[in-house]
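To start, the structure under review is shown below, and the notes come after it.
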Amino acid sequence: MLGGSLAKRPPCALPRLVPVIELPQQAVPDKPTLDGLEQRWDAVWQAEGIYRFDRTAERAQVFSVDTPPPTVSGSLHMGSVFGYVQTDTLARYQRMRGKAVFYPMGWDDNGLPTERRVENHYGVRCDPSLVHDPDFVPPAKPDPKKRVSCSRPNFVELCLERTEQDEKVFEDLWRQVGLSVDWSLTYVTIGERARRTSQRAFLRNLARGEAYATEAPTLWDVTFQTAVAQAELEDREQPGAYHRYAFRSTAAGGLPVSIETTRPELLPACVALVAHPDDERYQSHFGSTVVSPLFDVEVPVLAHELAQPDKGSGIAMVCTFGDTTDVTWWRALDLPVRNVLERNGRLRAEPPPAIVSEGGRAAYAELAGKTVKQAQARIVELLREAGELDGEPRPITHAVKFFEKGDRPLEVVTSRQWYIRNGGRDRDLREVLLHRGKDLDWHPGWMQSRYDSWVEGLNGDWLISRQRFFGVPLPLWYPISADGSIDHESPIVPAESSLPIDPSSDVPPGFTAEQRGAPGGFVGDPDVMDTWATSSLTPQIACGWEDDPDLFSRTFPMDVRPQGPEIIRTWLFSTLLRSHFEHDRLPWSDTSINGWILDPDRKKMSKSKGNVVTPADVLQRHGSDAVRYWAACARPGTDTALDEGQMKVGRRLAVKLLNASKFALTFPAAAPGPVTEPVDRALLARLAAVVEEASSAFDGYDYARALERTEAFFWLFCDDYIELVKTRAYAEGADDSAGADSARRALRLALSVLLRLFAPVLPFTTEEVWSWWQRGSVHAQSWPEAASLRESGGATGDPALLTVAGEVLGQIRKAKSNAKVSMRAPVARLEVRAERDRAAYVRQVDADLRGAGVVTDLVVLEVEGNEGVDVTLA
RNA sequence: GGACCCAUGGCUCAGUUGGUAGAGCAGCGCCCUUACAAGGCGAAGGUCGGCAGUUCGAGUCUGUCUGGGUCCACCA
């Protein structure tokens, strides 16, 4: 079995050597600015390869990210930026922890969205019956009403051309946002490697019996004319109506049976009536037959516990096929097939053979060729004219299944399709997959319930074949018998070494091209695979499964799958399934699920409302770090409002970081030595605690908490600490150079730590400041350690000292504010009253407080029962 | 029908083993202070959706109800 690297992981991993990279160093600017940082530092990072994956790192030293490949159709939206930034903060943290971060980007350019986009953009339509035209050029002016037909190879060429342009735009945006992706690892889901991986995995599924083909009723989109999978469904509330009419009993003296249906047009496809076995109203009918109105077809009345007595008249008309319940009954009760629907959504020309009466055939002729909607209108008229309609149709609203990308209700048609087993028909497999889900570490944990309910609700295997053009072809051919019939039971498979193949142009081993379509020859499978059949293999594609065993052993199974909650049922589940089959293990140890972006009025963002804010606009207005700040403030998995106010806060933070850093660096660096002043040591002690909190938050994938703690400390650092020590740090009085040195050492040490703590969220600002006074990239530095910080601080300070000093400072400000004087207004005498412990603290900070408050004399009075500090200015 | 998340000052949100609520934004007042005026400082503002429990004590645990959001199932 492949991928045993984790089990063989050495018990104690050696620290990874991080190369020292020289970056351009610059002086502290007079007027620091955020403008232009994105372009400047992105260029440097790319040139220096700051985020390049170290291929020599052992698995234990690697942190590998199964980045979601964004669908390359149109533009990225704020929701993408939101989730990707959150993941990037985690990647940056791990990199600073010394991990070799494997962080590729993929583009999902495979599938329907691209097809649709290309059709619209170029004004073309794919016609698979055409041969490749090497000179084909799309119309200069696309006409949406008159699309030009082109061959499948030509169409695919256009798809590739279009997506290449889109991918460039996407990469530029991601780089502007500062994703620390290794762009040399980029893959595309329609690329050769992805197709090879996808086809190889499918062939192995086939060989092991995990993939199979069968002719069965499937959900069918009549617009796209393709089968769709359970995972691609969504319910939509639609207006409908109950139509009531009766079937005549064939028993002597038997009573008619009234049914109510929303699909009267399927009456000619009726194969049975079904009621609940306990329903007393129909006891006498069970086992008997009835005859349909208009069509005179005799159908049985049967019992099944799925029938609901309280719905309609309590007895259902089973047709082939009105919905998935019909399919269930049809299977369970072994009913015949009477198809009336074509794949294009119209009723077929010929009536089902069961309709034999002259009247029945005449009635059907009225419906033939009509769309479902037209047929329904006509049959209601026919029923009414025949006096069969019992009352008028009763309007209702009910949920109807749609393909999530479609705009007409799904129909059920019988067709031959490929499936991959997923536990939908196999209780044991389902249990195994549920256990796999439990072994995965979910962030946040409650997201696992979505996975569980999906797996528990599976009602069929995974339908992977699609009757489309732009996708990974099923790598199969079928033999053609001497009589010209296709033998679907004995597919011809290619050798793995020949992958990827396109069966519509490649020839199977042992055949010649001339034999295509001929008796005794072969025919290629015309279908492509569902886009998820390829996307479910992103770990294998990105990590180089079979193609690059060395890389694979260093990166797989991956560490984390970040993704949105809406694709747990598709992407997460199917990836887990494929890995289970192929590697008998989880594809990653952890998954982090991000939340939704909501409008300011708390509705999910949607394009149709016209309130979409584009990432480019927002980044332009606020700057990348500000937008990242907004994304990183949102708790993992929590839905968040799109709040530009929060971005302004982020921008203010970044500007403050520039200014505070600039100020701290105006003091010359002191010679190496201890931090001696109590308030300086108190600051470092506090900072050490912040480092511990931020580290454990990041370890638990909680970037938001790490940021919150760091930010809170930073404002205290600016508002209280810097204010307190700046007078001393200036060292205007030469008599206290030791105090100045202590402050200068603490300032630089704290700044160094703060920049590293902020680096995952504010990569541009921190890099800018780092370049003013340090060598290399801040993003290649090691994450701060609380222990070494405490050692550097010379001793463990007392954090309470800083709290008390801050309180006094606050009281001084309050008094000055109340007196409506400037904060720089001099104070001749300051009286501080506090109980003994606090008074002792105040005395230790006496000089700093006088400096910060511009106070000449500070008098400390010990008083009893004072919970805080009181000050009086004179 | 089953499940999950959310409900804290006007707005956006913190509140990690239960001990009588915090921040930012907006509004208000002050300060053009030698890091920062697209800034700084300060004051004010909520009893934590309702009800009932557990507890000496609950925003923080239990039950229930209400109102949002979401997932799954059903959909004759």
Side-chain angles (χ1 to χ4, degrees), chain A residues 28 30-32 235 237-238 240 242-244 259-264 266 273-275 306-308 311-319 322-326 329 396-401 444 446-459 565-566 568-569 595-596 598 600 602-604 630 633-635 637-646 648-653 655-667 693 696-697 700 702 704-705 708-709 711-712 715 718-719 722-723 726 730 809-825 854:
Chain A
V28 181
D30 288 335
K31 281 276 174 192
D235 288 349
E237 286 293 325
Q238 295 286 306
Y242 274 128
H243 302 77
R244 186 179 177 93
I259 61 100
E260 289 196 69
T261 180
T262 56
R263 304 288 308 265
L266 293 179
L273 302 187
V274 172
L306 219 58
Q308 295 178 27
K311 202 163 254 183
S313 60
I315 187 161
M317 176 177 84
V318 182
C319 309
D323 58 32
T324 51
T325 315
D326 281 348
W329 281 324
I396 57 159
T397 303
H398 62 155
V400 178
K401 282 192 197 313
W446 47 262
M447 282 290 183
Q448 195 200 324
S449 65
R450 302 207 181 191
Y451 173 88
D452 290 346
S453 68
W454 173 250
V455 175
E456 282 158 4
L458 285 168
N459 56 29
E566 79 282 12
I568 289 174
R569 66 175 184 170
W596 285 111
L598 307 170
R602 298 212 63 77
K603 295 279 162 40
K604 201 172 121 186
W630 157 74
C633 280
R635 255 59 205 175
T638 301
D639 295 347
T640 305
L642 177 63
D643 185 0
E644 295 203 41
Q646 195 71 355
K648 288 179 182 161
V649 174
R651 188 176 179 88
R652 197 180 62 134
L653 171 67
V655 169
K656 188 80 173 178
L657 190 53
L658 291 178
N659 284 320
S661 301
K662 174 194 152 194
F663 183 59
L665 294 172
T666 56
F667 305 111
E693 284 187 285
S696 65
D702 194 346
R705 178 176 300 279
E708 181 195 67
R709 295 305 149 95
E711 189 186 3
W715 286 107
C718 292
D719 295 345
I722 289 183
E723 290 300 323
K726 64 186 185 185
Y730 275 123
L809 197 54
Q811 293 289 327
I812 295 171
R813 286 180 185 137
K814 189 171 169 180
K816 288 186 177 180
S817 185
N818 288 341
K820 298 184 193 291
V821 298
S822 159
M823 292 297 145
R824 294 295 298 167
V854 201

Under 4.0 Å between any heavy atoms, over every strand shown, what does A:Leu306 touch: base, sugar-phosphate, or nothing? Just pick one. base
Residues at least two apart in sequence or cross-chain that pass side-chain hydrogen bond (donor to acceptor under 3.5 Å, both in side chains) with A:Arg263, listed by chain then number, are A:Glu265, A:Glu411
Please determine, for the side chain of A:Trp446, which listed nucleotide (B:C4, B:U16, B:C74) has the closest atom? B:C4
Tell me whether the OP1 or OP2 atom of B:C75 has a side-chain N or O from A:Thr325 closer than 4.0 Å. yes
Given the C1' atoms of B:C4 and B:G19, what is the spacing between them in whole Å? 31 Å
Considering only the P atoms, how many Å lie between B:G57 and B:A43, rounded to the nearest integer? 35 Å
Side-chain heavy atoms of A:Lys311 within contact of A:Tyr242, under 4.5 Å: yes
Pairwise side-chain contact, A:Lys662 with A:Leu658, heavy-atom cut-off 4.5 Å (strictly under): no
Starting at atom CD1 of A:Ile812, determine the distance to atom C1' of B:G40, rounded to an integer number of angstrom. 16 Å
Distance in angstrom units between A:Glu644 CD and B:C25 P, rounded: 17 Å
Nearest-Å distance, CG (A:Leu653) to C1' (B:A23)? 14 Å
Please report the distance separating the P of B:G49 from the corresponding atom of B:A7, rounded so that it comes out in whole Å. 8 Å
State, yes or no, whether a side-chain contact exists between A:Ile259 and A:Arg244 at a heavy-atom distance under 4.5 Å. no
If you only use heavy atoms from C-beta on, which nucleotide in B:C72, B:A14, B:G24 is closest to the side chain of A:Glu708? B:A14
Need one value for A:Gln308: base, sugar-phosphate or nothing, where a base atom within 4.0 Å counts as base even if backbone is also close, heavy atoms only. base
Tell me what A:Leu658 touches on the nucleic acid: a base, only sugar-phosphate, or nothing, going by heavy atoms under 4.0 Å. nothing
With hydrogens left out and only the distance checked, is there a donor-acceptor pair under 3.5 Å joining A:Arg709's side chain and the base of B:U16? yes
Taking atom C1' in both B:U20 and B:A38, what distance in whole Å separates the two? 41 Å
B:C74 C1' sits how many Å from A:Lys401 NZ, rounded? 8 Å
Flag side-chain contact, heavy atom, 4.5 Å: A:Met823 against A:Glu723: no
Do A:Lys726 and A:Phe667 touch side chain to side chain, with heavy atoms closer than 4.5 Å? yes
Could you walk me through whether A:Phe663 and A:Ile722 pass the side-chain contact (heavy atoms from CB on, under 4.5 Å) check? CA-CA 9 Å; A:Phe663 183 59; A:Ile722 289 183; 3.4 Å; yes
With heavy atoms under 4.0 Å as the rule, sort A:Ala307 into base, sugar-phosphate or nothing. base
C1' gap between B:A58 and B:A52, integer Å: 14 Å
Between NZ of A:Lys31 and CG of A:Asn659, what distance do you get to the nearest 0.5 Å? 7.5 Å
Restricting to side-chain hydrogen bond (donor to acceptor under 3.5 Å, both in side chains), what partner residues turn up for A:Glu566, sequence neighbours left out? none
A:Arg705 side chain, from C-beta outward: closest of B:C74, B:G15, B:G24: B:G15
With nearest nucleotides of RNA chain B determined for A:Gly637 and A:Val274 from heavy-atom distances, which residue corresponds to the more 5′ nucleotide? A:Gly637
Among B:C5, B:C75, B:C72, which nucleotide sits nearest the side chain of A:Arg569? B:C72
Can you identify which nucleotide, out of B:U12, B:C41, B:A43, has its nearest atom closest to the A:Lys814 side chain? B:A43
Whole-Å distance, A:Asn459 CG to B:C71 C1', equals 15 Å
Which residues satisfy the side-chain contact (heavy atoms from CB on, under 4.5 Å) test with A:Leu306, sequence neighbours excluded? A:His304, A:Thr325, A:Thr328, A:Trp329
C1' atoms of B:G63 and B:U55, separation to the nearest Å: 16 Å
Rounded to whole angstrom, note down the P distance from B:C61 over to B:C5. 12 Å
Atom P, compared across B:G59 and B:C41: separation rounded to whole Å: 32 Å
A side-chain contact here means heavy atoms from C-beta on lying under 4.5 Å apart; do A:Gln646 and A:Thr640 qualify? no
On the side chain of A:Asp639, is there an atom forming a donor-acceptor pair with the base of B:C6 - under 3.5 Å, no angle test? no
Take nucleotides 29-38 of chain B nucleotide by nucleotide from the 5' end and write B, S or -, depending on whether a protein heavy atom sits under 4.0 Å from the base, only from the sugar-phosphate, or from neither. BSS-BBBB--
In whole angstroms, how far is the P atom of B:G39 from the CG atom of A:Leu657? 16 Å
Taking the nucleotide of RNA chain B with the nearest heavy atom to each, does A:Pro565 or A:His398 sit closer to the 5' end? A:Pro565
Per the 3.5 Å Watson-Crick/G-U criterion and a run length of at least three, the stems involving RNA chain B are B:1-7 with B:66-72, B:10-13 with B:22-25, B:28-31 with B:39-42, B:49-53 with B:61-65
Distance check needed: B:C6 C1' versus A:Arg450 CZ, whole Å only. 12 Å
Kindly write out the residues that satisfy salt bridge (Lys or Arg N to Asp or Glu O under 4.0 Å) with A:Glu711, not counting sequence neighbours, or none if the list is empty. none
Please state how far atom CD in A:Glu711 lies from atom P in B:C13, giving the value in whole angstrom units. 16 Å
